[in-house]
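Following: one structure in structure tokens, then a few remarks.
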Amino acid sequence: MLVTLSEILKDANERHYAVGAFNCLSQENVMGALEAAEELRSPIILQLAEVQFPEAPMEMMAPLYLKAAKRSSVPVCVHLDHGQSLETCVRAIRLGFTSVMFDGAALPFDENVAASREVTRIAKAAGVDVEAELGKVGNSGVDTADVFTDVDEAVRFVGSTGIDALAVAIGNLHGHYVHTPQLNIQRLIEIHEACDRLPLVLHGGSGTSEADFKACIHNGICKINVATAIQRGIMKRIGERLSQKPDEEYVPLKQVMIDASREVIAAHMRLFESEGRA
Ligand code: 13P
């Protein structure tokens, strides 16, 4: 069933687990994701980031996400990840997404507040929830992610924007980590307490250690974004399958992709302790 972000995160926030938000770029990805969610009776967030639109156009993916959500027996939120402008957020709202992320983290604080507040005002009028980001989650190999979310700024940001969930920077990075990161859990605890236990979001889930995942979900993180690990899992499985019988005329790769998506996503759901919550 299709639900909003705040609906899906409420129980996770109260009972200290996280709902996985999985970036899905194909029909096979979406099918594998929903199979994992239903097998494990787990809530799930399907999401697509604006930087992924060239590979997976939002207008083409939206009907697929929404159909999968509506026919599913578990709660599914359909979410825009890293919307870069108000216009992109409005496009997602019109397509039926139940939540949008506006990413103004690269903006000066006051501009991020103003833009996030405007997105929230419009989204709320349409019954859509909003995630925003404060502090900079860098890209692995590019940034050093030394710009953690500041606690006092987080309080002012949440109070001035009315958002439903806040993405924090606590040492996490997008992409494939060169070294396993060490997250700043103390900062996470301080932000969660200071922001009246607002649901917090961890970006850059791929490659995080099990210990850090557990510390996060027990201290305020209730949404964890995973993208790279899914695509790497699919690549690996396709490579293995193709090398089994190199002379085969036709290799049914769709099923390989569905199975790889399901396995990677199910493994993350177990780590995030969302199994059996739907
Ligand atoms: P990873 O690619 O590191 O899993 O990050 C995903 C993400 O944060 C999407 O917003």
Side-chain angles (χ1 to χ4, degrees), residues 5 8-9 18-26 29-30 32-33 36 44-56 58 61 65 77-84 88-89 92 97 99-106 116 129-145 147-149 163-183 188 199-210 212-213 216-217 221-236 260-261 263-269 271-272 274:
L5 187 67
I8 215 167
L9 296 186
V19 182
F22 303 102
N23 294 64
C24 290
L25 302 180
S26 67
N29 261 187
V30 172
I44 182 170
I45 299 166
L46 295 177
Q47 66 179 16
L48 184 68
E50 186 163 357
V51 291
Q52 295 173 321
F53 291 178
E55 199 177 348
M58 178 165 66
M61 296 304 290
Y65 278 30
C77 169
V78 174
H79 177 77
L80 169 70
D81 187 28
H82 291 285
Q84 293 164 358
T88 305
C89 293
F97 281 53
S99 61
V100 293
M101 179 203 186
F102 171 71
D103 181 0
S116 300
D129 289 333
V130 178
E131 172 187 335
E133 182 173 319
L134 187 62
K136 190 94 186 72
V137 178
N139 283 306
S140 61
V142 181
D143 299 320
T144 47
V147 193
F148 292 171
T149 305
I163 55 169
D164 302 281
L166 178 69
V168 291
I170 52 169
N172 42 318
L173 293 175
H174 288 122
H176 186 64
Y177 288 105
V178 182
H179 306 289
T180 304
Q182 279 262 306
L183 301 184
L188 174 65
L200 302 179
V201 182
L202 183 75
H203 281 242
S206 301
T208 304
S209 71
E210 182 170 343
D212 266 347
F213 273 144
C216 280
I217 68 179
I221 294 290
C222 12
K223 171 177 182 275
I224 302 181
N225 290 5
V226 180
T228 306
I230 305 171
Q231 301 311 321
R232 287 178 75 93
I234 292 172
M235 267 168 52
K236 184 164 169 280
S261 300
E263 282 162 26
V264 173
I265 289 171
H268 284 89
M269 287 171 163
L271 275 175
F272 302 163
S274 66

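First listed ligand is number 1; within each ligand, the first listed atom is number 1.
- Close approach of ligand 1 to Ala227 is summarised as follows: ligand atoms under 4.0 Å from at least one heavy atom of the residue are 1 (P), 2 (O), 4 (O), 6 (C).
- Close approach to Val226 involves these atoms of ligand 1, each under 4.0 Å from a residue heavy atom: 4 (O).
- Between Phe272 and Phe22, the ring planes lie parallel to each other; the angle is under 30°, not in the 30° to 60° tilted range.
- In terms of heavy-atom proximity, Ser26 sits nearest to Met61 at N-CE, 3.7 Å.
- Close approach to His82 involves these atoms of ligand 1, each under 4.0 Å from a residue heavy atom: 10 (O).
- Counting protein heavy atoms only, atom 3 (O) of ligand 1 is closest to Gly175 N, 2.9 Å.
- Checked by atom type and distance alone, the side chain of Asp212 pairs as donor or acceptor with a backbone atom of Leu183 at under 3.5 Å.
- In this structure, a donor-acceptor pair under 3.5 Å is present between the side chains of Asn225 and His203.
- Side-chain contact between Ile217 and Cys222: absent, with no pair of heavy atoms (C-beta onward) separated by less than 4.5 Å.
- The protein heavy atom nearest to atom 8 (O) of ligand 1 is Gly204 N, 2.7 Å.
- Donor-acceptor pairing under 3.5 Å is recorded for the side chains of Lys223 and Gln47.
- In the vicinity of His203, heavy-atom distances shorter than 4.0 Å reach the ligand 1 atoms 8 (O), 10 (O).
- What sits closest to atom 2 (O) of ligand 1 on the protein, heavy atoms only, is Thr228 OG1, 2.4 Å.
- Side chains of Leu80 and Met58 form a contact here, defined as non-hydrogen atoms less than 4.5 Å apart.
- Contacts with ligand 1 closer than 4.0 Å are made by side-chain heavy atoms of Asp81 only, the backbone lying farther away.
- Side chains of Gln52 and Asn23: a donor on one and an acceptor on the other come within 3.5 Å.
- Every atom of ligand 1 is numbered from 1 in the order shown, and the set under 4.0 Å from a heavy atom of Gly205 is 3 (O), 4 (O), 5 (O).
- Atoms of ligand 1 lying under 4.0 Å from any heavy atom of Asn23, numbered from 1 in the order shown and given with element: 9 (C).
- Judged by the shortest distance from any of its heavy atoms, Ala49 lies outside the 4.0 Å radius around the atoms of ligand 1.
- In this structure, atom 4 (O) of ligand 1 lies nearest to the protein heavy atom Ser206 OG, 2.5 Å.
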